[in-house]
Amino acid sequence: ANLIMEITKLVMREQLLKFTIFILLLLINGVISSPPPDPINCLNSNHNTNCTVTNSIGMFPDRSICRASKVMYPTSETELISIVALASKKNRKMKVATRYSHSIPKLVCLDDEDDGVLISTKNLNRVLKIDVEAMTMTVQSGVTLREIINEAAKYEMALPYTPYWWGLTIGGLIGTGAHGSTLWNKGSAVHEHVIHIRIVSPAQQKDGYAKVRNLIEFQDEDINAARVSLGVLGVISQVTLKLEPMFKRSIAYLTKSDSNLGDEVISFGLKHEFGDVMWYPSQEKAVYRVDDRVSIDTPGDALYDFLPFRALPSELYDVNRNIEELQERLPFAEGKCWFAKFVTGTLAHASYGLTNNGLPFFEYPIVGFHNRMQASGACLDSWENHLTSCPWDWRINGEFYHQTTFSISLTVVRNFIEDVQTLVRLEPKALCGLELYNGILMRYVTASNAYLGKIEDSVDFDFTYYRSKDPLTPRLYEDIIEEIEQIGLFKYGGLPHWGKNRNLAFVRAIKKYNYADKFLEVKKKYDPQGLFSSEWTDQILGLKEGVTILKDGCALEGLCICSQDIHCAPKKNYFCVPGRIYKEARVCRHVEGQTNKISDMRDEL
């Protein structure tokens, strides 16, 4: 183990040298990275036929390939109406795809691969109207969050609460309920700031086979279905957002022991408008982001260019992935813990990407305009080469991960945190793998009137962790993350993020929503034939069975909750057993003691 630790440290020193050289090249030559790949690929590119579509990491939870017979790229609402009408007339299935396809579940996948039509919003990318007096902005559904932020800032306006990654489109944002972090005002979900939606849905022959639904806040109750629609009501054409006057924010990061996290998490969220928490359970630390609105006159011109969203050398990602795969194969949990401390320490020393207008600063807090602090995504600004890239670019050997995200009501969030801490005390190294991906991100969300929005003020927990390229290969401490997942979702009734998660997160999820029936009524009214629905959306909406998939190794990928050993990896000594503290859980645990693998380690190294 000591030998492996020393070799790991040597590799890390080599990485630091490469990173230093990259920074020098960056200063001399500017940005030299590859933009994310187009999620849509057509064999007949001239006619956009015989196509496949994937997500941003290049793999759906069940590893299936999703196909479409044809892809359409409307540029206006008129063209969009024509496309929907023609498909509706021919009774063809339809799905909507966004520019970067960031939803991990199969929301974009068609059932009818031979005749289905994929409608991309890539070219529905125009800002249509800005009303400074009313403080509103109307955009097409393919406009990205970055474009909205920048355009609003030109008129000294701001969208107050947003996700932190600006590569999302407004249609995708509101379709999945994406959010930032706050318990204040209307809340952190972007859809709470939508006051007008135009959506094109199928129609009968008398209406020309397509109909534009014009939904206005306080006038049309159906807007509460369209605000988080999962893409099953039709295609969002236009969105109008309510903005605010531009303001500044003050940010400071405070690192503390996590011993009082359960007691402090609610009061911290109520006290700080934009606060969030990065939690490192194996290190017993929590990093509180003290983030508040300040007067526009407060001095400061800070920029938040979040480091994990920047383009770095593809070779660096390759080394990181190879190290993690080696640590998994040996297994070598101590190496993961050391590496995690290196990653989290590096981010902290670099202030997570905060700068004084590109220059280092020496103490918190740091102040800047909201539009320069609220979101980032520098790896999108790139040329077409493969020297550098976004870390999750599936064309390189980079990050390949699972993402589990759910929100826990404020009434029980302390209990959930304490359960996680209990598991860490039982297995102190179990969550080092999470910390390699910067730990558990905790953001605040509020109850919503959207039928599929949050039902209570909550804390959203975002877990990102290693996924093997081999679906039948278990992870280190597989059982601990599985138990945490089941504790959050089933013991405490957590609501899954519609645009993230593995299949099991959606088991009976629709029954947790008080207004699910109202949503289904609107769905039936807008699309009675289900042309915008698919097997996956019918399953998560409770209209069909089959959210989980039972097969060998299914629990390893979150496709099922194990009930038999074959759902785990019995040949690798992973068996289906009850949880350690939540006995109702069923998890895949390595039940055999560590064996001496010195000769195997030597061969691997």
Side-chain angles (χ1 to χ4, degrees), residues 33-58 60 66-84 86-87 92-104 106-110 116-128 137-151 163 165-176 178 190 197-200 210 229-231 234-239 241 375 377 379-384 389-390 392-395 499 532:
S33 60
S34 290
D38 195 315
I40 298 172
N41 182 42
C42 297
L43 290 180
N44 188 336
S45 57
N46 292 328
H47 297 92
N48 295 320
T49 57
N50 196 4
C51 306
T52 60
V53 61
T54 187
N55 56 22
S56 58
I57 61 173
F60 291 111
C66 293
R67 305 181 186 276
S69 64
K70 188 172 182 61
V71 180
M72 304 296 290
Y73 292 89
T75 62
S76 66
E77 186 173 271
T78 300
E79 292 180 10
L80 184 56
I81 293 169
S82 178
I83 292 167
V84 173
L86 182 60
R92 298 175 73 179
K93 286 278 191 172
M94 292 169 275
K95 276 292 175 185
V96 181
T98 60
R99 171 65 184 88
Y100 298 113
S101 193
H102 274 285
S103 290
I104 291 176
K106 296 170 63 176
L107 293 174
V108 72
C109 294
L110 289 150
V117 178
L118 202 59
I119 302 172
S120 171
T121 61
K122 182 178 180 179
N123 297 331
L124 288 171
N125 56 6
R126 291 185 296 124
V127 176
L128 300 176
M137 177 189 294
T138 301
V139 298
Q140 292 180 310
S141 62
V143 171
T144 64
L145 177 59
R146 179 187 188 178
E147 292 162 336
I148 291 170
I149 291 170
N150 290 343
E151 198 65 25
W165 167 253
W166 65 23
L168 307 172
T169 65
I170 187 62
L173 277 168
I174 64 175
T176 57
V190 175
I197 299 175
R198 290 175 65 86
I199 187 167
V200 181
S229 68
L230 309 183
V235 189
I236 296 174
S237 170
Q238 298 176 19
V239 174
L241 295 157
C379 66
L380 295 179
D381 298 328
S382 47
W383 300 338
E384 193 62 56
S389 63
C390 291
W392 51 83
D393 190 324
W394 45 265
R395 297 169 298 182
F532 278 94

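Keep in mind that what you see is a predicted model, and the values were worked out from it rather than measured.
Every residue was checked against the side-chain hydrogen bond (donor to acceptor under 3.5 Å, both in side chains) condition with Ser45, not counting sequence neighbours, and none meets it. The salt bridge (Lys or Arg N to Asp or Glu O under 4.0 Å) search around Lys122 returns Asp38, not counting sequence neighbours. For Glu77, the side-chain hydrogen bond (donor to acceptor under 3.5 Å, both in side chains) partners are Arg198, Ser237, not counting sequence neighbours. Under the rule for a side chain to side chain contact (heavy atoms under 4.5 Å, CB included), the partners of Glu151 that lie at least two apart in sequence or sit in another chain are Val127, Ile130, Met137, Lys154, Tyr155. Considering only residues two or more places apart in sequence or on other chains, Ser82 meets the side-chain hydrogen bond (donor to acceptor under 3.5 Å, both in side chains) condition with none of them. Not a single side-chain hydrogen bond (donor to acceptor under 3.5 Å, both in side chains) links Asn46 to another residue, sequence neighbours left out.
Residues Ser141 and Thr169 are not in side-chain contact: their nearest non-hydrogen atoms beyond the backbone lie 4.5 Å or more apart. Ile119 has its side chain within reach of Val84: a pair of non-hydrogen atoms, C-beta onward, lies under 4.5 Å apart. Contact annotation: the side chain of Met72 never approaches that of Asn48 to less than 4.5 Å [non-hydrogen atoms, C-beta and beyond]. Looking only at side-chain heavy atoms (C-beta outward), Ser120 and Tyr73 come within less than 4.5 Å of each other. Between Leu380 and Pro36 the shortest side-chain heavy-atom distance falls below 4.5 Å. Val108 is listed as a side-chain neighbour of Phe60, based on a closest heavy-atom distance under 4.5 Å. Side-chain contact between Pro74 and Leu124: present, with at least one pair of heavy atoms (C-beta onward) separated by less than 4.5 Å. Residues Lys106 and Cys66 have side chains in contact (heavy-atom distance under 4.5 Å, counting atoms from C-beta outward).
Trp165 contributes atom CH2, which lies 4.5 Å from atom SG of Cys390 (distance to the nearest 0.5 angstrom). Put simply, CD1 on Ile197 and OG on Ser229 are 7.5 Å apart, with the number rounded to the nearest 0.5 Å. Considering OG of Ser76 and CD of Gln238, their distance stands at 10.0 Å, rounded to 0.5 Å. In this structure, CG on Leu80 lies 12.0 Å from CG on Asn123, to the nearest 0.5 angstrom. A distance of 10.0 Å separates CG of Asn55 from CH2 of Trp394, quoted to the nearest 0.5 Å. The distance from the CZ atom of Arg92 to the CD1 atom of Ile83 is 11.0 Å, given to the nearest 0.5 Å.
Without hydrogens or angle criteria, Asn125 side chain to Gly142 main chain gives no donor-acceptor distance under 3.5 Å. No donor-acceptor pair closer than 3.5 Å links the side chain of Thr138 to the backbone N or O of Leu128. In this structure, Ser69 contributes its side chain and Gly116 its backbone to a donor-acceptor pair below 3.5 Å. The backbone N or O of Gly377 lies less than 3.5 Å from a partner atom in the side chain of Trp166, making a donor-acceptor pair. Judged by distance alone, the side chain of Gln140 and the main-chain N or O of Thr75 form a donor-acceptor pair under 3.5 Å.
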Could you walk me through whether Ile170 and Leu241 pass side chain to side chain contact (heavy atoms under 4.5 Å, CB included), step by step?
CA-CA 10 Å; Ile170 187 62; Leu241 295 157; 4.1 Å; yes
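Of the options Thr98, Thr144, Leu145, a side-chain contact (heavy atoms from CB on, under 4.5 Å) to Leu173 is made by Leu145 and by none of the others. Partner Lys95 forms a side-chain contact (heavy atoms from CB on, under 4.5 Å) with one of Val53, Leu110, Val235 and no other, that one being Leu110.
Across Thr121 and Val96, no two heavy atoms sit closer than the pair CG2-CG1, 3.7 Å. What you find for Gly167 and His102 is that their closest heavy atoms are O-CD2, 4.0 Å.
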